[in-house]
Undergrad: 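Starting off with a structure, shown below.
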Amino acid sequence: MAKITLTATKTPELRLEAENISPDIFAGKSVAEIAQLHVFVGKESQKLGDYFEVAGESGSTAANTTIVINGDVSRVKYIGMKMTDGEVIINGDADMYVGAWMSGGKITANGSVDAFSGLGMTGGELTVKGNAGNYLGAAYRGDWRGMQGGIIRVSGNAGSDIGTFMRGGTIIIGGNVDVHVGTHMEGGTIIVKGDAKSRVGGQMVKGEIYVFGDIEVMMPGFQYRKDVDIEVDGTEGSFALYEGDIGERHGKKKGETIYGQLYMKY
């Protein structure tokens, strides 16, 4: 697979909006053409080459293009936004919207990412070796379509409002999460291997949430059903199954009401 390397050469005074850092955009372009792609700093349009040294060679398509990003990009937003294929490797921390609305391909952040990463994602893989900020895999503000497909795996902790309006796909958090996990959830799976704070699954009507640790405050709209022995992401164990959020309208399948399912590990 052809590889383009971006090495950060300076830190922008304002956040750098770099939605052009994507295999879909880089494919078929020369190093010089990639360096001429625009980025935004505030309302000013500047060139990608003003902030990165560009080296290597892109593939003829997104599928055979890998982008490796070195240096400090903790103030660079939208990396891999709307990408459909190929690979992006970030060797450090990144700012908001990493992999937002991506539909395919693979992003690996060997550091942490800020809020709204994986926003509205419909496919592909987003792997974060550090922590993730708020609204991971959630819906854009004002929208009702959160993550719909693909997989997000975070090794560390994640913030609040994870998977808001989630409709499909899988989010796996290795550590702890803040409040409002899976709010308005209508499908998909969220696995939290650490602890969660309050309001897990609020207004949830469908989908599954697994919590391996403690939930600080359980939502009153969830009712205990039974204990089950299952395997979750390679871990076998006994879980208490709760269904909810009881106060919401729930659809039916074959005459039986469909509830959101919340599992807590013993």
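Index from 1, following the sequence.
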Undergrad: Would you say Asp229 and Glu236 make side-chain contact, with heavy atoms under 4.5 Å?
TA: no
Undergrad: With a 4.5 Å cut-off on side-chain heavy atoms, are Gln223 and Glu243 touching?
TA: no
Undergrad: Just one of Thr235, Val192, Ile173 clears the side-chain contact (heavy atoms from CB on, under 4.5 Å) bar with Phe212, so which one?
TA: Thr235
Undergrad: With heavy-atom distances below 4.5 Å as the criterion, would you say the side chains of His180 and Thr164 are in contact?
TA: no
Undergrad: Is the shortest distance from a Lys or Arg side-chain nitrogen in Arg15 or Asp114 to a carboxylate oxygen in the other one below 4.0 Å?
TA: no
Undergrad: Assign the ring pair Phe239 / Tyr263 to parallel, tilted or perpendicular, where the plane angle (0 to 90°) is split at 30° and 60°.
TA: perpendicular
Undergrad: Can you tell me how far apart CD1 (Ile230) and NZ (Lys265) are? Round to the nearest 0.5 Å.
TA: 10.5 Å
Undergrad: Does a donor on one side chain and an acceptor on the other come within less than 3.5 Å for Asp233 and Tyr210?
TA: no
Undergrad: Please step through side-chain contact (heavy atoms from CB on, under 4.5 Å) for the pair Leu126 and Ser117, ending with a clear verdict.
TA: CA-CA 9 Å; Leu126 171 59; Ser117 293; 4.3 Å; yes
Undergrad: Under 3.5 Å, is there a donor-acceptor pair between the Thr84 and Asp24 side chains?
TA: yes
Undergrad: May I ask you to check whether Tyr135 and Tyr140 place their ring centers less than 6.0 Å from one another?
TA: no
Undergrad: Assess the side chains of Asn70 and Asn91: does a donor N or O sit below 3.5 Å from an acceptor N or O?
TA: yes
Undergrad: Report yes if the side chains of Glu248 and Met204 come closer than 4.5 Å at any heavy-atom pair, otherwise no.
TA: no
Undergrad: Side chains of Tyr51 and Gln46 only: does a donor on one sit below 3.5 Å from an acceptor on the other?
TA: yes
Undergrad: Distance-only, no hydrogens or angles: does the Ser238 side chain make a donor-acceptor pair with backbone N or O of Tyr266 under 3.5 Å?
TA: no
Undergrad: Within the 4.5 Å heavy-atom criterion, are Met81 and Trp101 side-chain neighbours or not?
TA: yes
Undergrad: Can you confirm whether Ile209 sits close enough to Phe222 that some side-chain heavy atom of one is under 4.5 Å from a side-chain heavy atom of the other?
TA: no
Undergrad: Hey, what do you get for CD1 (Ile25) to OG1 (Thr65), rounding to the nearest 0.5 Å?
TA: 11.5 Å
Undergrad: Charged N to carboxylate O below 4.0 Å: is that the case for Lys197 and Glu216?
TA: no
Undergrad: For the residue pair Tyr242 and Met219, establish whether any side-chain heavy-atom pair is separated by less than 4.5 Å.
TA: no
Undergrad: Heavy-atom count around Glu231 CD within 6.0 Å, excluding the residue itself: above 12?
TA: yes
Undergrad: Take Leu48 and Asn20 through the side-chain contact (heavy atoms from CB on, under 4.5 Å) test and state the conclusion after the steps.
TA: CA-CA 8 Å; Leu48 187 65; Asn20 278 330; 5.7 Å; no
Undergrad: Could you check whether any side-chain heavy atom of Phe52 comes within less than 4.5 Å of a side-chain heavy atom of Ile34, counting everything from C-beta outward?
TA: no
